[in-house]
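Residue numbering restarts at 1 for every chain, and letters A, B, ... go by the order of the sequence lines.
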2 protein chains.
Amino acid sequence: MFKKFKIPDATIGRLSMYSRYLIEADKKGITTVSSQHIAKATGVTPAQVRKDLAYFGEFGTRGVGYNSRELYNYIMKILGLNKQWSVAIVGAGNLGRALSQYKGFNQRGFNISCIFDNDPKKIGKKISNINIYSFDSLAEKVKDFNIKLGIIAVPASAAQEVADKLVKAGVRGIINFAPVNITVEENIILRRVDLAAQLEYLTYYLEEI
Amino acid sequence: MFKKFKIPDATIGRLSMYSRYLIEADKKGITTVSSQHIAKATGVTPAQVRKDLAYFGEFGTRGVGYNSRELYNYIMKILGLNKQWSVAIVGAGNLGRALSQYKGFNQRGFNISCIFDNDPKKIGKKISNINIYSFDSLAEKVKDFNIKLGIIAVPASAAQEVADKLVKAGVRGIINFAPVNITVEENIILRRVDLAAQLEYLTYYLEEI
DNA sequence: CATACATTGTTAAATAATTAACAAAGATTT
DNA sequence: AAATCTTTGTTAATTATTTAACAATGTATG
Ligand SMILES: NC(=O)c1ccc[n+]([C@@H]2O[C@H](COP(=O)([O-])OP(=O)(O)OC[C@H]3O[C@@H](n4cnc5c(N)ncnc54)[C@H](O)[C@@H]3O)[C@@H](O)[C@H]2O)c1
Ligand SMILES: NC(=O)c1ccc[n+]([C@@H]2O[C@H](COP(=O)([O-])OP(=O)(O)OC[C@H]3O[C@@H](n4cnc5c(N)ncnc54)[C@H](O)[C@@H]3O)[C@@H](O)[C@H]2O)c1
């Protein structure tokens with residue numbers, strides 16, 4: 001297998017979904033699943049499931065299907081989730097707090113190691129046992145905790161500054177929740193998540209003519 | 001113009017971005033912008049900008065560009081944002097609270113009208129002046145407030161039940177934050193937002209081989 | 001052990017989306 | 001007012017993604 005050539009972004013997202021179904025199936029004692037089962041559970045076509053998996057290798061048995069646990073492990077490996085990742089959240093506001101307390105990240109191998117803010121009233125406090133550090137100490141802490149992933153949850157006006165500091169400190173992948181376009185050097189993986197735009201997608205389709 | 005034929009989903013998302021840039025430009029007194037300006041600011045190609053707009057009509061002047069305010073208004077109309085939308089959030093947990101307090105939705109014409117939860121300790125309380133109602137009263141309130149949009153912020157196990165109730169009450173568009181596939185009838189617009197999957201997209205690219 | 005059945009992996013075909021190219025239209029310069 | 005420069009809208013070419021088809025491979029059955 002493996003990441004030699006360009007694979008559709010959508011495939012990566014679907015692998016996440018598949019893996020969630022597979023771990024559930026395994027928990028329920030369903031040891032073998034077919035592309036049809038996976039497809040049904042995740043809302044895609046069976047051909048799509050097989051195509052997605054085929055990018056990375058052969059994981060099934062013809063006439064039988066896939067072993068749930070085994071395929072789960074393969075997918076987690078493909079996604080880089082066969083290890084723990086330390087994550088920094090920048091911005092201890094509404095969104096930063098919600099994300100900091102989210103148990104779901106842990107279940108997938110993500111550790112929110114620290115939170116950064118520039119508000120003196122917040123620095124030194126904790127959010128469910130995670131320390132809030134000053135924005136100034138970001139570089140130092142990112143190195144201490146070996147953090148490679150960062151989440152930007154600050155106002156749009158500060159997003160680029162935060163991204164620059166994260167990258168300089170050694171962060172390699174960033175999720176930006178601020179509704180603004182930021183730029184990073186070539187080799188940094190950047191993902192923008194625009195929640196208002198999601199609502200607007202709905203209204204686009206609901207508004208007639 | 002208009003929505004006669006299938007337009008790429010990605011186009012809709014980009015229109016949101018363009019509109020954010022345009023309102024900023026207009027505020028700064030930049031009355032005319034080119035596809036190149038828009039492209040630069042939003043991280044796409046100028047050809048893409050023109051193509052996206054061309055789906056809906058002719059909004060510019062050759063040799064000149066687009067009037068910022070005018071194009072902004074057109075795009076907002078296309079997105080169905082030339083009016084107010086009432087929104088219900090189901091789940092007054094970490095995420096529901098963060099979303100309820102988010103000012104950015106208001107700026108785009110979204111009103112969080114009410115929040116629903118089934119925890120007796122939360123029902124009757126308020127989150128920044130928005131009432132938390134019982135899950136049982138959902139149908140009633142959705143009708144009272146003429147709510148057409150719903151946000152699901154409950155545990156995965158409850159997501160399908162919540163979706164069913166929203167749809168039955170008259171909601172036409174749903175954003176689902178629970179990491180699970182839910183199904184709704186044909187004419188309902190459903191959008192799944194999987195935040196853990198966004199992190200996994202990063203790790204996919206960061207993990208070598 | 002031959003036949004029927006199930007399901008994968010792969011190749012081909014069909015669709016969709018992006019990028020590039022350029023004529024058309026307007027502004028600016030000389 | 002002719003020539004030059006800009007920038008759009010549109011068409012064509014390219015690239016990417018999804019869907020469909022099916023041969024290959026395995027299991028189950030009589
Ligand atoms: N709250 C939501 O549900 C929501 C939804 C969609 C998008 N967003 C976006 O996410 C971002 C955060 O939203 P929020 O609601 O949490 O905002 P918020 O105002 O509640 O919190 C922002 C936090 O960032 C801190 N901050 C500001 N500048 C900083 C800097 N340079 N370094 C470090 N910290 C800094 C502030 O002190 C504050 O604690 C915004 O860009 C917002 O548009 C939020
Ligand atoms: N917190 C985050 O940052 C985050 C990030 C990604 C995804 N999510 C997803 O969003 C959802 C909510 O996450 P959270 O962290 O806010 O969880 P949470 O446990 O903090 O809150 C869930 C809320 O839903 C309520 N609830 C449960 N069943 C209900 C029902 N049937 N009707 C009405 N209310 C009900 C609970 O009482 C609780 O208040 C989950 O599916 C989670 O996986 C959350």
Side-chain angles (χ1 to χ4, degrees), chain A residues 1-18 21-22 25 30-72 74-75 78 201 204-205, chain B residues 1-18 21-22 25 30-72 74-75 78 201 204-205:
Chain A
M1 45 154 139
F2 250 42
K3 300 189 189 177
K4 292 293 172 208
F5 49 92
K6 179 63 191 173
I7 284 152
D9 276 5
T11 291
I12 313 307
R14 286 190 296 264
L15 289 180
S16 286
M17 295 202 302
Y18 302 159
Y21 165 70
L22 290 166
I30 304 168
T31 52
T32 305
V33 296
S34 68
S35 58
Q36 205 163 127
H37 293 140
I38 301 175
K40 184 95 179 292
T42 56
V44 304
T45 65
Q48 181 84 81
V49 172
R50 296 201 298 277
K51 194 77 214 277
D52 285 339
L53 295 174
Y55 286 121
F56 301 99
E58 304 188 7
F59 307 112
T61 312
R62 294 171 192 220
V64 182
Y66 306 90
N67 177 282
S68 309
R69 173 79 65 94
E70 218 171 276
L71 183 56
Y72 170 79
Y74 276 125
I75 293 181
I78 292 167
Y201 178 91
Y204 168 79
Y205 280 107
Chain B
M1 42 155 142
F2 249 44
K3 301 188 187 178
K4 292 292 172 207
F5 49 92
K6 181 62 190 171
I7 284 151
D9 276 5
T11 291
I12 314 306
R14 286 190 296 262
L15 288 180
S16 286
M17 295 201 303
Y18 302 160
Y21 165 71
L22 290 166
I30 304 168
T31 53
T32 305
V33 297
S34 68
S35 58
Q36 204 162 128
H37 292 139
I38 301 175
K40 184 96 178 292
T42 57
V44 304
T45 65
Q48 182 82 81
V49 172
R50 296 200 299 276
K51 193 80 216 285
D52 285 339
L53 296 174
Y55 286 121
F56 300 100
E58 304 188 7
F59 307 111
T61 310
R62 292 172 194 221
V64 182
Y66 307 89
N67 178 282
S68 309
R69 173 81 65 94
E70 219 170 274
L71 184 56
Y72 171 79
Y74 275 126
I75 293 181
I78 292 167
Y201 177 92
Y204 168 79
Y205 281 107

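By the 4.5 Å heavy-atom criterion applied to side chains, Tyr72(B) and Val33(B) are not counted as neighbours. Side-chain contact between Leu22(A) and Tyr66(A): absent, with no pair of heavy atoms (C-beta onward) separated by less than 4.5 Å. Within the 4.5 Å cutoff, the side chain of Met17(B) has heavy atoms near those of the Val44(B) side chain. Contact check for Tyr55(A) versus Asp52(A): side-chain heavy atoms found under the 4.5 Å cut-off. Residues Leu15(B) and Phe56(B) have side chains in contact (heavy-atom distance under 4.5 Å, counting atoms from C-beta outward). Side-chain atoms of Ser68(A) and Tyr21(A), non-hydrogen and from C-beta on, never get closer than 4.5 Å to each other.
Residue Arg50(B) contributes atom CZ, which lies 11 Å from atom P of dA20(C) at whole-angstrom precision. The distance from atom NZ of Lys40(A) to atom P of dT7(C) is 14 Å, rounded to the nearest whole Å. For the pair His37(A) NE2 and dT7(C) P, the computed distance is 7 Å after rounding to whole Å. In this structure, CG of Leu53(B) is placed 15 Å from C1' of dT18(C), rounded to the nearest angstrom. Rounded to a whole Å, the OH atom of Tyr66(A) is 11 Å from the P atom of dT7(C). What separates CD1 of Ile38(A) from P of dG9(C) is a distance of 10 Å, to the nearest Å. Rounded to an integer number of Å, the gap from Glu58(A) CD to dT7(C) C1' is 13 Å.
Relative orientation of the Tyr74(B) and Phe59(B) rings is tilted, given thresholds of 30° and 60° on the angle between their planes.
In terms of position on DNA chain D, the residue among Thr61(B) and Asp52(A) whose nearest nucleotide sits closer to the 5' end is Thr61(B).
Contacts between chain B and DNA chain D, taken as any atom within less than 4.0 angstrom of a protein heavy atom, begin and end at dT6(D) to dT11(D).
Residue Arg62(A) places no side-chain atom within donor-acceptor reach of the base of dG9(C), judged by atom type and a 3.5 Å distance cut-off alone.
DNA chain D is contacted by no residue of residues 8-18 of chain B, taking any non-hydrogen atom closer than 4.0 Å.
One finds a side-chain N or O of Gln48(B) lying less than 4.0 angstrom from the OP1 or OP2 phosphate oxygen of dT19(C).
A donor-acceptor contact shorter than 3.5 Å links the side chain of Thr42(B) to the backbone of Ile38(B). In this structure a side-chain-to-backbone donor-acceptor pair under 3.5 Å is missing from Thr61(A) to Val64(A).
Between dG9(C), dT7(C), dT18(C), one nucleotide has an atom nearer to the side chain of Ser34(A) than all others, and that is dT7(C).
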